[in-house]
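Contents: one structure, followed by commentary.
Letters A, B, ... mirror the listed sequences (proteins, then strands); counts begin at 1.
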Protein chains: 2
Amino acid sequence: MRIGELAARTGVSVRSLRYYEQQGLLTPIRCENGYREYSAFAEEQVRTIQLYLNLGLSTEQIAGFLHCVLINKEAFCQEVLPIYRQKLAEIEAQINTLQSIKSNLQERMQSILDERGNQESEE
Amino acid sequence: MRIGELAARTGVSVRSLRYYEQQGLLTPIRCENGYREYSAFAEEQVRTIQLYLNLGLSTEQIAGFLHCVLINKEAFCQEVLPIYRQKLAEIEAQINTLQSIKSNLQERMQSILDERGNQESEE
DNA sequence: ATAAACCCTGACATTAATGTTAGGGTCAAG
DNA sequence: CTTGACCCTAACATTAATGTCAGGGTTTAT
């Protein structure tokens, strides 16, 4: 199938499909006229790429194990677990940062509301 | 004081001080030779800017209420609370997204470990 | 044979605060 | 009067995936 069809089937933009190819995630063959030709399997491949992107992995990280997970179960791909561990650590760090900002914000909001409340009763 | 001294006193880079000015957060006067001249008060002002940046607010948002909070308590600045509420909502949305990715990652990691465990006992 | 709907490459835009560099003034101490 | 430490503006770089546009081929259906 050609790129437009693959885009329609997967919901991924043509632009992104070309980008994935540039990042080494897809390798369609080229017809004589220069058009990309994708196998039926490319559809699943694109969905797999999306799955990992949605986990917050970069195309570079995905490129490191995509070939393996497309032919094996994840558990057999040595590269996956370390990347998951690293990503998990990043996510937890981000959550901690956000939680601390959240607490800070909530305290400041409460202070404002308290002061305004006092203000009203003093007037 | 000149920009280098303000940078040294606050720990904020000269580049950032110029950027804050461009964003309307600082307005030093200009000497005849073109140098920026900051009042002693600018030091507190910069620390206040940093405080809000650390809460995740943009320079544009800060510009919307900085003038007020520099001369009043936060509670008297009407613009602050809506921005805090909006920021809080964003933060909570981000935390939720990260939590869901985190759960997803943890499940996938557990699956991998389970499958590898089974694998060992089957061999 | 022409128009519509494809496809191609290449390149710039997006975001936001900050770093860095280039090219050039100013000033104080020696 | 020169050196070093300041200061200035302007501009490009950073990040990552995606959008968009320009300029140009190809294919398909009429």
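One atom, CD1 of B/Ile49, and another, P of C/dA17, lie 12 Å apart when rounded to the nearest Å. Rounded to an integer number of Å, the gap from CD1 of A/Ile29 to P of C/dC8 is 13 Å. Between B/Leu17 atom CG and C/dT20 atom P the separation is 16 Å, expressed in whole Å. We find that CD1 of B/Ile3 is positioned 17 Å from P of C/dC27, with the value rounded to whole Å. Taking atom CD of A/Gln61 as the reference point, atom P of D/dA17 lies 9 Å away to the nearest angstrom. A/Glu21 has its CD atom 11 Å from the C1' atom of C/dC8, to the nearest Å. With rounding to whole Å, A/Gln22 atom CD is found 11 Å from C/dG10 atom C1'. The CG-P distance, from B/Leu26 to C/dT18, rounds to 12 Å in whole Å.
Linking ILVMFWY side-chain heavy atoms closer than 4.5 Å, directly or via other members, places A/Phe76 and A/Val80 in two distinct hydrophobic clusters.
A donor-acceptor contact under 3.5 Å is formed by the side chain of B/Arg15 with the base of C/dT20. No hydrogens or angles were tested; on distance alone, nothing pairs the side chain of B/Tyr19 with the base of C/dG19 as donor and acceptor under 3.5 Å.
Residue-to-nucleotide proximity on DNA chain D shows that, of A/Ser58 and B/Arg36, the 5′-proximal contact is made by B/Arg36. Mapping A/Asn33 and A/Gln23 onto DNA chain D by nearest heavy atom places A/Gln23 at the nucleotide closer to the 5' end. Toward the 5' end of DNA chain C, the nearer of the two residues B/Tyr35 and B/Glu60, judged by each one's closest nucleotide, is B/Glu60.
Residue B/Arg18 has no polar side-chain atom (N or O) positioned under 4.0 Å from OP1 or OP2 of C/dT20. Remark: A/Thr59 is not in phosphate contact with D/dA16, judged by side-chain N or O atoms under 4.0 Å from OP1 or OP2. For B/Tyr20, a side-chain nitrogen or oxygen approaches OP1 or OP2 of C/dT18 to under 4.0 Å.
Under 4.0 Å is where a charged nitrogen must lie from a carboxylate oxygen, and between B/Arg2 and B/Glu5 no such pair does. A/Arg30 has a carboxylate O that lies under 4.0 Å from a charged side-chain N of A/Glu21, or vice versa, which qualifies the two as a salt bridge.
Between the side chain of B/Ser16 and the main chain of B/Val12, no donor-acceptor pair closer than 3.5 Å is present. A distance-only check finds a donor-acceptor pair linking the side chain of B/Gln61 to the backbone of B/Ser58 [under 3.5 Å].
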